[in-house]
Amino acid sequence: MRPNLLILGGTTEGRALSAALAEAGVPGTVSMAGRVARPLEQNLPLRIGGFGGVAGLVRYLKDHAITHVIDATHPFAAQMSRNAVAACAETGVPLLAYTRTPWQAQPEDDWSHVPDLAGAVAALDGPSKRVFLAVGRMHLEEFTAQPQHAYVLRLVDAPRTALGFPEATVVVDRGPFTLEGDRALLRDHDIELVVSKNAGGKGAEAKIIAARELGVPVLMIDRPAIPPRTEAHSVDEVMRWLAHGFADLGV
Ligand code: 3Y8
Ligand code: NAP
């Protein structure tokens with residue numbers, strides 16, 4: 001049976017993996033949800049849009065004779081990851097998650113942890129501060145419950161509607177971000193608190209390192225729970241897993 005991969009992408013890791021697979025001549029497709037206006041080109045064919053829940057993903061795996069699924073989605077894309085676990089269990093298609101370990105606080109960090117986005121909103125109770133809200137667009141509205149702060153918001157696309165914050169500066173930019181850029185952002189906006197998801201990896205880490213250097217506290221949102229699955233943390237690990245899988249296919 002000819003290998004045919006489905007990579008659930010949308011991350012730095014997903015793009016790096018698709019480059020390695022293209023280089024190795026391994027057939028595959030990268031899938032994205034279609035969250036942003038102009039997703040980066042990947043080195044493999046790209047499909048955009050939801051599958052239609054677990055049933056839709058099962059149908060996609062069967063219709064496209066997918067032999068392996070690599071879940072390289074972001075640690076906060078928990079619903080996609082849950083669906084991948086369920087669909088691969090139902091179809092028997094081998095699943096590997098290519099993910100990154102959470103950031104760990106260093107001695108000089110000033111982090112406070114909250115379990116989820118709602119916890120981050122609640123933790124913003126209190127007097128007005130200059131807050132860098134680096135959580136993207138999809139959950140911004142929840143933070144309008146704390147209108148007293150002066151927010152700096154970083155978004156991939158310019159907002160199409162009013163955001164509902166009395167005082168907010170929008171920075172339209174997509175990562176991976178640089179330490180110089182994020183150090184300047186924290187300084188230029190005189191940021192007193194950074195709100196961040198514990199994304200892990202390098203693409204979003206600059207703001208965490210800049211906060212450490214400048215002594216700015218971080219409100220760190222811990223990751224959502226994802227069902228157990230086999231995990232890899234490097235392209236090499238993924239390629240070794242695939243080599244075993246292809247041997248099982250007799251290729
Ligand atoms: C559409 C695909 C690559 C991938 C780059 C990574 C790194 C840069 C840092 C900050 C934090 C945030 C956000 C972020 C980063 C990488 C990676 C990552 C965080 C693109 C992309 C898609 C998305 C979706 C987008 C979300 C948003 C989250 C912005 C492509 C650029 C905040 C996550 O406007 C929206 O609807 C944005 C939605 C999901 C979270 C949210 O809740 O708003 N990512 N980001 C994917 C799809 O359609 O399936 O355009 O290329 C990818 C990347 N964004 O190729 O190097 O790997 O994490 N993405 C977070 O970490 O908190 C920004 O500003 O400091
Ligand atoms: P999510 O909440 O886990 O998923 C919600 C639904 O979106 C899924 O059930 C699925 O719809 C669809 N979906 C999600 N990822 C998809 C993909 N790669 N391909 C096809 N459909 C997908 O996902 P999310 O947090 O919105 O993340 C969406 C995308 O942005 C993912 O590619 C993720 O890697 C990327 N991203 C997210 C974050 C973040 O902070 N959440 C950060 C960086 C990148 P159906 O049920 O219809 O199949």
Trainee: Looking at every non-hydrogen atom in both residues, tell me the closest pair between L21 and I7 and how far apart they are.
Mentor: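 Heavy-atom minimum between the residues: CD1-CD1, 3.6 Å.
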Trainee: Any idea which heavy atoms bring R229 and P227 closest together, and the distance?
Mentor: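 Scanning both residues, the minimum pair turns out to be CD-O, 3.2 Å.
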Trainee: Which residues pass the side chain to side chain contact (heavy atoms under 4.5 Å, CB included) test with A24, not counting sequence neighbours?
Mentor: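 In terms of side chain to side chain contact (heavy atoms under 4.5 Å, CB included), with neighbours along the sequence ignored, A24 is linked to V26, M239.
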Trainee: Would you mind writing out the side-chain donor-acceptor pairs for residues 170-182 within the sub-3.5 Å range, not counting sequence neighbours?
Mentor:
from : atom 1 : to   : atom 2 : distance (Å)
R174 : NH2    : R38  : O      : 2.7
T178 : OG1    : G181 : N      : 2.9
D182 : OD1    : R154 : NH1    : 2.8
D182 : OD1    : R154 : NH2    : 3.4
D182 : OD2    : R154 : NH2    : 3.1
D182 : OD2    : K207 : N      : 3.0

Trainee: Tell me, do L8 and V69 make a side-chain contact under 4.5 Å, heavy atoms counted?
Mentor: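 The answer is yes; the side chains approach within 4.5 Å.
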Trainee: Among all residues two or more places apart in sequence or in another chain, which pass the side chain to side chain contact (heavy atoms under 4.5 Å, CB included) test with A33?
Mentor: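 Partners of A33 by the side chain to side chain contact (heavy atoms under 4.5 Å, CB included) criterion, ordered by chain and then number, come out as R35.
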Trainee: Using a 4.5 Å cut-off on heavy atoms from C-beta on, say whether the side chain of L6 contacts that of L61.
Mentor: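 Yes, at least one pair of side-chain atoms sits under 4.5 Å.
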Trainee: Start with the C-alpha gap between V93 and T67, add the side-chain angles, then the distance that decides, and say whether side-chain contact (heavy atoms from CB on, under 4.5 Å) holds.
Mentor: CA-CA 6 Å; V93 174; T67 59; 6.0 Å; no
Trainee: Are side-chain N/O atoms of D71 and S81 paired as donor and acceptor at under 3.5 Å?
Mentor: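 Checked: D71/S81 side chains pair up, N/O donor to acceptor below 3.5 Å.
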Trainee: Between A232 and V238, which heavy-atom pair has the shortest distance, and what is it?
Mentor: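 In terms of heavy atoms, the two residues are closest at CB-CG2, 3.9 Å.
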Trainee: Count I, L, V, M, F, W, Y as connected when their side-chain heavy atoms are under 4.5 Å apart, and connections chain through other members. Are L5 and M32 then in the same cluster?
Mentor: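 Same cluster: L5 reaches M32 through Ile, Leu, Val, Met, Phe, Trp or Tyr contacts under 4.5 Å.
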Trainee: Between the main-chain N or O of R223 and the side-chain N or O of N198, is there a donor-acceptor pair closer than 3.5 Å?
Mentor: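 The answer is no, because no donor-acceptor pair under 3.5 Å joins these two groups.
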Trainee: According to a 4.5 Å side-chain heavy-atom criterion applied to Ile, Leu, Val, Met, Phe, Trp and Tyr, with indirect links allowed, do L219 and F76 form part of one hydrophobic cluster?
Mentor: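 They do share one cluster, since a chain of ILVMFWY contacts under 4.5 Å joins L219 to F76.
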Trainee: Pair up each side-chain donor or acceptor in residues 44-59 with any protein partner under 3.5 Å, not counting sequence neighbours, and list the distances.
Mentor:
from : atom 1 : to  : atom 2 : distance (Å)
R47  : NH1    : S31 : OG     : 2.7
R47  : NH1    : G49 : O      : 2.8
R47  : NH2    : G49 : O      : 3.1
R47  : NH2    : G50 : O      : 3.4

Trainee: Can you pull the salt bridge (Lys or Arg N to Asp or Glu O under 4.0 Å) pairs that have at least one residue in residues 25-34, sequence neighbours excluded?
Mentor: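 Every candidate salt bridge (Lys or Arg N to Asp or Glu O under 4.0 Å) pair involving residues 25-34 fails, so no pair, neighbours aside, qualifies.
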Trainee: Can you list the residues that meet the side chain to side chain contact (heavy atoms under 4.5 Å, CB included) rule with A243, with sequence neighbours excluded?
Mentor: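 Listed in chain order: nothing, the list is empty.
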Trainee: To check you understand the geometry: which heavy-atom pair defines the closest contact between Q42 and S18, and what is its length?
Mentor: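 Heavy atoms only, the tightest pair is OE1-OG, 3.7 Å.
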Trainee: Per the salt bridge (Lys or Arg N to Asp or Glu O under 4.0 Å) rule, what does the pair list look like for residues 87-103, sequence neighbours excluded?
Mentor: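 Matches after skipping sequence neighbours: E13-R100.
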Trainee: Determine, using the 4.5 Å side-chain heavy-atom cutoff (strictly less than), whether L193 and V152 are members of one ILVMFWY cluster.
Mentor: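 Shared cluster, no.
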Trainee: Taking side-chain hydrogen bond (donor to acceptor under 3.5 Å, both in side chains) as the cut-off, I'd like each qualifying pair that reaches into residues 131-143, sequence neighbours left out, listed once.
Mentor: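 Non-adjacent pairs meeting side-chain hydrogen bond (donor to acceptor under 3.5 Å, both in side chains): H139-E142.
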Trainee: Would a distance-only check, ignoring hydrogens and angles, find a side-chain to backbone donor-acceptor pair under 3.5 Å from D110 to V216?
Mentor: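 Side chain of D110 to backbone of V216, a donor-acceptor pair under 3.5 Å: no, none is there.
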Trainee: So, for T11 and A72, which heavy atoms are closest and what is the spacing to 0.1 Å?
Mentor: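 Heavy atoms only, the tightest pair is OG1-O, 2.6 Å.
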Trainee: Residues in ring-ring contact (aromatic ring centres under 6.0 Å, His included) with W111, at least two apart?
Mentor: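 Once residues adjacent in sequence are excluded, the partners of W111 under the ring-ring contact (aromatic ring centres under 6.0 Å, His included) criterion are H113.
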Trainee: Any ring pair (Phe, Tyr, Trp, His ring centres under 6.0 Å) pairs touching residues 226-251, not counting sequence neighbours?
Mentor: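 Sorted result for residues 226-251: H68-W241, H68-F246.
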Trainee: Would you say Q106 has more than 12 foreign heavy atoms packed within less than 6.0 Å of its CD?
Mentor: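 Yes - once you tally the heavy atoms of other residues, nucleotides and ligands closer than 6.0 Å, there are more than 12.
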Trainee: Does anything in residues 145-174 pair up under ring pair (Phe, Tyr, Trp, His ring centres under 6.0 Å), and if so which pairs, sequence neighbours excluded?
Mentor: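 Checked against ring pair (Phe, Tyr, Trp, His ring centres under 6.0 Å) - neighbours excluded - the pairs reaching residues 145-174 are H149-Y151, Y151-F165.
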Trainee: What closest approach, in Å, do E231 and L96 show between heavy atoms, and which atom pair accounts for it?
Mentor: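 Answer, listing the atom of E231 first, then L96: C-CD1, 3.9 Å.
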Trainee: Extract all donor-acceptor atom pairs below 3.5 Å that involve side chains of residues 118-136 and protein atoms in other chains or at least two apart in sequence.
Mentor:
from : atom 1 : to   : atom 2 : distance (Å)
D125 : OD1    : Q146 : NE2    : 3.1
S128 : OG     : Q148 : O      : 2.9
R130 : NE     : H189 : O      : 2.7
R130 : NH2    : H189 : O      : 3.2

Trainee: Under 4.0 Å between a Lys/Arg side-chain N and an Asp/Glu carboxylate O for K202 and E205?
Mentor: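 Salt bridge: yes.
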